[in-house]
Amino acid sequence: MTIEKLIFYFFATVLVFAAVRVITARNPVHAALFLVLAFFSAAATWLLLQAEFLAIVLVLVYVGAVMVLFLFVVMMLDINIAKLREGFIRYLSVGILVGLLILVEMVLVVRTMTAPVLTAAPVSAVPNIEAIGQVLYSIYIYPFELAAVILLVAMVAAIALTMRSPRQHKYINPSLQVNVRRADRIRLVNLPAEPKD
Amino acid sequence: MSFNLLPIAPEIFLLTMACIILLVDAYLSDESRDLSYQLVQGTLLGTTSLLWLTFPTQKTFILSSLVVIDPMGALLKLFIVATVFVVFVYSRNYLKARNFFKGEYFVLGLLATLGMMTMVSAHNLLIIYLGLELLSLSLYAMVAMHRDSSQATEAAMKYFILGAIASGMLLYGMSILYGVTGSLDLSVIAQKTAQLDGNKTFFAFGLVFLMVGLAFKFGAVPFHMWVPDVYQGAPTSVTMFISTAPKLAAFAMLMRLLIEGLPAMQAEWQQMLVILSVLSMAVGNIIAIVQSNIKRMLAYSTISHVGFLLLGVLTATQTGYAAAMFYTIVYALMGLGGFGMIVLLSRAGFEAENVVDFKGLNERSPWYAFIMLILMLSMAGVPPMLGFWAKLSVLMEAVHTGYLWLALVGVILSVIGAYYYLRIIWMMYFEKPLDNEPIVTTPDMQVALSANGLIILGLGMFPQALMMACVGSIG
């Protein structure tokens, strides 16, 4: 066994362990941290494939930005874990049954396969980033733009779904407050005097 | 490197206008919100004319063969844009009465249309997926947009979670295909599958996952669970959107993936489609009988129509594909009318959601009762309506290719299904109305809905033109 294989199996084991812990950890903060660990191990296996750009981006974007935001949300929201876990045992048996069934089917298929497993594409002379840069804005400009539109949809949807109409805001207009006059607030009413009896 | 952008000019125009409308809408007051609506409709008309002008005569691959431009795609795109246009005409008053007549709603609709157009002309797994996500994400947001309704929120949640799982399945299938062929290009995949005769296990493995994803997007049984809940929970204007135009896009996706990408796997996907088709026809038609909510009933009716449509595809002949395409377009027309009628009978604070709300429609408005009569007869497949020709062409093709038993099952189930369509007709003409409020509409809606019904009747008399267009674009 070469050293590369050893490293691969090490990170692969850590990855699977972390992934399982993400869904079994009781504390959501722990789950999020395990997800960070899973991302790190995935990045390491990508490095083994010499896909250094992807590995770095995974760490920067997911670990650095997405997960930090995620942790913020998890910490700020008061999530009732006990309620979320309700029915876990109830549905566990069905889940395990379906999972096992799919697993058995997949194993049966994969076992009989004399698959033409492709070897990884030969590493080009140019570094990763350069290779991606060469195709991203030329061959893949169309999907690139589409991905941008998807992000636009996410933005529009997020604003449309969370933005309340102005009348639901509690803010006040200072200039209106300053310009207020006595007549706007007080109404003088002339009440006829009533005889005291 | 040169780009030939002319063939995707409609898409570019649509996207540019969507961005402009988004900006313009931000500066509009609620009273002048109609301007956004008019701009959106203008954009759709502009896109239609661009599609018409750039209508291709043959198949060409552009943008490093990521995109395919062919008559089938162009025809479907035309119908998608036209469908969305009519959906917006129907939705306008509905949205105003419910206080969510917003620019974002229409912009999301436009971007969903862009997603559908992308799916239709995709020739690469990556593009198919991106188009699909663009469509789905916009739809999730549109379902959730009526925030005051807990039903809509629940429907959005269900749609989102199940849709994400289906997308995951589709991606899994795509990644297996990529792993085996080393390419995302559909032509290359087709070539590689053809070479590997005998050893197809891996491809079949990937195909199963692709099929699950496809069946979900279509709402074919047994992946139909989301359809009734989402159709019922979503605001009717959104239900109308989900149930019509995306079916045309899903049909294109099916054609691209199975017929262009995996023609060598025909024997395998035919079997899978047979199961999906029979189950969809059976479950759709039988469960629809017991529904009291008309949106739910139409949801099951959609499922049964999907079964018929798949029946055309599974024959794996050119005429079969043309028949399926014809069916999809006809279904979109009927779906538009059906949900349009529900919108028509609804008003602020009242949703004509139940089948009984159609009682005595003839007394309230003989004309709309007549339109609904046409729609229901067409959905049931009674001649001379358009729906009859759609069912006939699909069933004939099934008989010709030796699927006699499937055609028989189809006929029997559509006879069973005729019951719930006829029940509505009975209620409209022979029962007393439950509420006697006058029907309030706007002239544009009246014209559109009447035209919708009359087109179904008129094309039913002369179905050749549309049928020929479908045959011509497939061949």
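Just the heavy atoms: all of them, side chains too, but no hydrogens, waters or symmetry mates, feed the values below. What you see is a predicted model, and the numbers here were worked out from it, not measured in a lab. In what follows, every chain begins at residue 1, and chains take the letters A, B, ... in the order their sequences are listed.
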Can you tell me which portion of [X] sits under 4.5 Å from chain A's heavy atoms? Options are side chain, backbone, both or neither.
| X | result |
| --- | --- |
| B:Leu137 | both |
| B:Val208 | neither |
| B:Leu130 | both |
| B:Leu126 | side chain |

Give a yes or no answer on whether the side chain of B:Ser64 reaches the backbone of B:Leu66 with a donor-acceptor pair at less than 3.5 Å.
-> no

For the residue pair A:Phe40 and A:Phe11, is the inter-centroid distance of their aromatic rings smaller than 6.0 Å?
-> no

Taking the six-membered ring for Trp and the full ring for Phe, Tyr or His, determine whether the centres of B:Tyr37 and B:Phe88 are under 6.0 Å apart.
-> no

Do A:Leu47 and A:Glu52 have side-chain heavy atoms sitting under 4.5 Å apart?
-> yes

pair A:Thr45-A:Ser41: side-chain heavy atoms closer than 4.5 Å | no

Comparing B:Leu22, B:Leu114, B:Thr118, B:Asn124 against chain A, the one with the most heavy-atom pairs below 4.5 Å turns out to be B:Thr118

